[in-house]
Number of protein chains: 2
Amino acid sequence: MERKERTRRAILDAALSLGEESSLGAVSLRQVAKEVGIVPTAFYRHFDSIEALGMALVDESFVSLRAMLRDVRQADPTYGDIVDGSVAILAQHVHDQRAHFLFIARERVAGPTLVRERIRHEIELAERELATDLALMPGVEVWTAEDLQIVSNLIVNAMVSTAEAILNARSPDAEAEIQHRSRTQLRMLLVGALNWRSDKAGRSPEGS
Amino acid sequence: MERKERTRRAILDAALSLGEESSLGAVSLRQVAKEVGIVPTAFYRHFDSIEALGMALVDESFVSLRAMLRDVRQADPTYGDIVDGSVAILAQHVHDQRAHFLFIARERVAGPTLVRERIRHEIELAERELATDLALMPGVEVWTAEDLQIVSNLIVNAMVSTAEAILNARSPDAEAEIQHRSRTQLRMLLVGALNWRSDKAGRSPEGS
DNA sequence: CAGTTGGGTGAACAGACGTACACCGAAAAG
DNA sequence: CTTTTCGGTGTACGTCTGTTCACCCAACTG
């Protein structure tokens, strides 16, 4: 009974591995079977179709994504800057679960419509969560709900870009530079957001 | 002799059309031929392979991309805010050359390695151009060359995200909201960048 | 120990794929 | 008007695709 689970994992891993080169839509059932070391028909003992496999990969990729978000949210606040910690955690998770993040990055724009929509929806959820977290920060009381959402979207997009850049980094040095850049960008972004409405409302952040 | 050019265009258009649904790597020579209305073997009169077709599409897609950048750079400065104008021009071009921008967005992450690298290189060029333009703005003299590059990267990434969002917009209203969001984000971003080094150097933008 | 379940097998299919080849017929060149 | 060029055609091949079916045998159930 655990043999089934083992083969299932092997299929998922093979699909992720093959998906590193091309998009999942270009991966065939027979390629996966050959990679796993089973006959093509045995594939159906585990998934109804390649599409179903894709959905399962979406599921487990988002487990990794949400694990990262959880780590970021409950990072030790004593570890200095939130920005430094968040970028480090992002990089760590992207590195550890490279296949999952690569999968999300690819299928987000190139996957079947259904998969694309699920990924976008999930990212939108992360945006909302970030918005509620941001609302607790000091100095943001002057923001409207709309501004809060817009800032969250901006930050999430920046983090997505950073994750993609890390996935594409060709050397540890290059990745270190990407992380440095990302940290600077997040700080710039926070400076801009914190000076945003206060700018429009009277230049004084302390004004009631 | 212009018949050849006409068929070639038909092939390019067919490939762009088929690429709207799935990634180019998942498009077959025979699908393209059927869409054009020619027999599969006639394809070879125009391209050596599907990969060569992809390269040609990269070429002409970047013509559209560069046309947009040119429009943005020489936008009428009397038209009020640079931000408003830039976002409007971006939206206009994405709308007019939807297939080209969709192609770039998709193949940027899902295409064959060679295509991906070309696209990333081209976007990096746009980043550098933006950096040289930004250097001429008043108030940025305090930035280091590195900061300039980092800010450019941040802005370009935001614009790429905006373009992708517009491509995915499901209604004109949704697109209008995306444009509004993008404008706000660009302004926040500029506020942050302009308060950046001055923040670190003594809080006074006018300080020598 | 006998019986049942179920993951894995192997052959077989119809269709789509890329590509090679000989050929045709309209348009350009002489 | 004749000749050459060349984009498009039709046939044919070997390979790969998804999917079906009957079958086998290891592992759980009784």
Side-chain angles (χ1 to χ4, degrees), chain A residues 1-60 103 106-107 110-116, chain B residues 1-60 103 106-107 110-116:
Chain A
M1 198 160 259
E2 35 95 28
R3 181 171 50 134
K4 177 163 190 175
E5 200 51 43
R6 203 147 26 92
T7 308
R8 185 188 152 93
R9 260 259 56 84
I11 291 177
L12 290 166
D13 290 343
L16 284 173
S17 168
L18 291 175
E20 295 231 3
E21 289 306 305
S22 59
S23 148
L24 183 79
V27 172
S28 77
L29 183 155
R30 287 178 114 99
Q31 281 173 5
V32 175
K34 180 173 289 184
E35 181 93 356
V36 174
I38 58 175
V39 87
T41 55
F43 175 89
Y44 293 107
R45 301 286 183 199
H46 304 273
F47 300 99
D48 285 344
S49 64
I50 287 277
E51 281 247 329
L53 209 199
M55 282 305 184
L57 287 177
V58 176
D59 285 338
E60 72 167 36
F103 176 83
R106 277 236 211 300
E107 304 305 318
T113 310
L114 229 140
V115 171
R116 285 210 310 267
Chain B
M1 195 161 261
E2 34 95 28
R3 182 173 47 136
K4 177 164 190 174
E5 200 52 42
R6 205 146 24 92
T7 307
R8 185 188 153 91
R9 261 257 57 83
I11 291 177
L12 290 166
D13 290 342
L16 284 173
S17 168
L18 292 175
E20 295 232 3
E21 291 305 306
S22 58
S23 150
L24 184 77
V27 172
S28 77
L29 184 155
R30 288 179 114 99
Q31 280 174 4
V32 175
K34 180 173 287 184
E35 181 93 353
V36 174
I38 60 176
V39 85
T41 56
F43 175 89
Y44 293 106
R45 302 286 184 197
H46 304 274
F47 300 98
D48 285 344
S49 64
I50 286 275
E51 281 247 330
L53 209 200
M55 283 303 186
L57 286 178
V58 175
D59 286 338
E60 72 167 36
F103 176 83
R106 277 235 212 298
E107 305 305 319
T113 310
L114 230 141
V115 171
R116 285 211 308 267

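In this structure, CZ of Arg9(A) is placed 18 Å from C1' of dG7(C), rounded to the nearest angstrom. Atom pair Leu53(A):CG and dT17(D):P shows a separation of 15 Å (rounding to whole Å applied). The interatomic distance linking Arg6(A) (CZ) with dG6(C) (P) rounds to 18 Å, in whole Å. Rounded to whole Å, the distance from CD1 on Ile38(B) to C1' on dC6(D) is 14 Å. Atoms CZ (Phe43(A)) and C1' (dT17(D)) sit 13 Å apart, rounded to a whole Å. Between Phe47(B) atom CZ and dG7(D) atom C1' there is a gap of 14 Å when expressed in whole angstrom units. Here the P atom of nucleotide dG8(D) and the CZ atom of Arg8(B) are 13 Å apart, to the nearest Å. Rounded to an integer number of Å, the gap from CD of Glu5(B) to P of dA27(C) is 18 Å.
Atom CZ in Phe47(B) sits 4.0 Å away from atom CZ in Arg8(B) (nearest 0.5 Å).
Side-chain N/O atoms of Gln31(B) include one lying less than 4.0 angstrom from OP1 or OP2 on dC17(C).
Shortest non-hydrogen contact noted between Phe103(A) and Leu57(A) is CZ-CB, 3.6 Å.
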Requested in this report: Give the C-alpha distance, both sets of side-chain angles, the deciding distance and a yes or no for side chain to side chain contact (heavy atoms under 4.5 Å, CB included) between Val36(A) and His46(A).
Outcome: CA-CA 13 Å; Val36(A) 174; His46(A) 304 273; over 6 Å; no
Polar atom pairs between nucleotides 19-22 of chain C and protein, under 3.5 Å, N or O only, would you list them?
unit_1: dT19(C); atom_1: OP2; unit_2: Tyr44(B); atom_2: OH; d: 2.6
unit_1: dT19(C); atom_1: O5'; unit_2: Tyr44(B); atom_2: OH; d: 3.2

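Using a distance-only test at 3.5 Å, with no hydrogens or angles considered, no donor-acceptor pair links the side chain of Gln31(B) to the main chain of Leu18(B). Between the Arg116(B) side chain and the Gly111(B) main chain, a donor and an acceptor come within less than 3.5 Å of each other.
From one end of the helix from dG3(C)-dC28(D) to dG30(C)-dC1(D) to the other, with five pairs defining each end axis, the axis direction shifts by 10° (rounded to 10°).
The environment of Glu51(A) atom CD is sparse: at most 12 non-hydrogen atoms of other residues, nucleotides or ligands sit within 6.0 angstrom. Crowding of Glu35(A) atom CD: a count of heavy atoms from other residues, nucleotides or ligands under 6.0 Å exceeding 12. The environment of CD in Glu21(B) is sparse: at most 12 heavy-atom neighbours from other residues, nucleotides or ligands sit within 6.0 Å.
Val58(B) places none of its side-chain heavy atoms less than 4.5 Å from the side chain of Glu107(B).
Mapping Ser28(A) and Gly37(B) onto DNA chain D by nearest heavy atom places Gly37(B) closer to the 5' end of the strand.
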